[in-house]
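Shown next, in structure tokens, is the structure this report addresses.
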Amino acid sequence: MLAPKKTWIILAFAALYLIWGSTYLGILFAIQSIPPLLMAGTRFLLAGIILYAASRISGAPRSPRADWRTALIVGACLLLGGNGGVTLAEQYVPSGLAALLVATVPIYIALLSWLFGMSKQPTAITWAGLAGGFVGVGVLVGPALRFSKTGESPHAWIGMTILLFSSLIWSAGSLYSRKAKNAPSPFLAAGQQMLCGGTLLIIAGIAKGELRHFDPRQITMQSLGAFIYLVLIGGIIGYVSYAWLLRHCEPAKVATYAYVNPIVAVVLGAVFAGETLTLRTLTGAGLIIGSVAIVIMAQQMKPKSSPAPAIIDPAECAR
């Protein structure tokens, strides 16, 4: 395969950094007039239909029942538990803060993979990264859990708690997806996961009563534009760029999205949503992003024979 032009690589990285970093702001705008779970479910259902149809038209074979079972479980963890939690949490916390707490996913994955025997005991460098990451979480979450006046919503602790649990569920689902049987085409697998996860999110939204209180006539142009952006740009172009880069670049380079996206989300939230950048937020951001960088670099420096799973995976496609 001929090496892709440098321009295309730069454009793909720019798309990965900016698009996935901007989805947090897109979610914030979309749920201003669209119920959160119904918004997320419809978003992924539409994106899944597009990806699945495109994969089948391009020649991907029909998936057996085992692949759909995996897609259902992964979709439940990554989309219902993971992204659904993020969407609910952004009712209570700023988009930038949500992105920072979600950035702990690589830390959770490193810890869970060791606890469940999927990788060797973390090295001293990795332990330092894990400790720094959780200290950063404590800096961000601690004051809110003490119900102190931090200038945030009085219910911010609810959103932060949801984010911590949803990131844990996302991490567990990511580890499961690497061991389970998936469709051979990453695009087909992503389409299946979005179809299953989107359907589960819609069911959850209906069960929560969102449909009874939803009036499509109340949707604002800002929310509608954000929703379309999340479907076409965040769900399709972002993932295609990610999958393409995995085929043409070293995984360690592609993994940099994990600590660039939160920075992008924080900046966009401050510029376009008026979110305040406090010293506490900046301190927590530095600790979490730096720790994620350490954990990823330590994992990538391990010998190829190491059984540790990669920090990044095509299943981790949707934000």
Please lay out, stage by stage, how Val86 and Tyr24 fare under the test side-chain contact (heavy atoms from CB on, under 4.5 Å).
CA-CA 8 Å; Val86 172; Tyr24 295 91; 4.1 Å; yes

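- Under the 4.5 Å side-chain heavy-atom criterion for grouping Ile, Leu, Val, Met, Phe, Trp and Tyr, Phe272 is connected to Val93 within one hydrophobic cluster.
- Listed for the Ser22 side chain is a donor-acceptor partner under 3.5 Å among the backbone atoms of Ile19.
- Judged purely by atom type and a 3.5 angstrom limit, Gln222 has no side-chain atom pairing as donor or acceptor with the backbone of Phe29.
- Connection of Phe44 to Leu46 is established within a shared hydrophobic cluster, with ILVMFWY side chains joined at heavy-atom distances below 4.5 Å, either directly or through further cluster members.
- With hydrogens and angles ignored, the 3.5 Å screen pairs a side-chain donor or acceptor of Thr23 with a backbone N or O of Trp20.
- With hydrogens and angles ignored, the 3.5 Å screen pairs a side-chain donor or acceptor of Thr70 with a backbone N or O of Lys181.
- Side chains of Gln192 and Ser63: a donor on one and an acceptor on the other come within 3.5 Å.
- One hydrophobic cluster, built from ILVMFWY side chains closer than 4.5 Å, cannot hold both Leu282 and Val292; they sit in different ones.
- Listed for the Asn261 side chain is no donor-acceptor partner under 3.5 Å among the backbone atoms of Ala99.
- A donor-acceptor contact shorter than 3.5 Å is absent between the side chain of Glu90 and the backbone of Thr87.
- Checking side-chain atoms of Ser33 against main-chain N and O of Thr220 turns up a donor-acceptor pair under 3.5 Å.
- Both Tyr17 and Val271 are part of a single hydrophobic cluster, where members link through side-chain heavy atoms under 4.5 Å apart.
- Side-chain N or O atoms of Ser291 include one that pairs as donor or acceptor with a backbone N or O of Leu287 at under 3.5 Å.
- Counting only distance, with no hydrogens or angles, the side chain of Trp170 and the backbone of Asn83 share no donor-acceptor pair below 3.5 Å.
- Not one N or O on the side chain of Thr281 forms a donor-acceptor pair closer than 3.5 Å with the backbone of Leu277.
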Start with the C-alpha gap between Ser174 and Ser171, add the side-chain angles, then the distance that decides, and say whether side chain to side chain donor-acceptor pair (under 3.5 Å) holds.
CA-CA 5 Å; Ser174 298; Ser171 303; over 6 Å; no

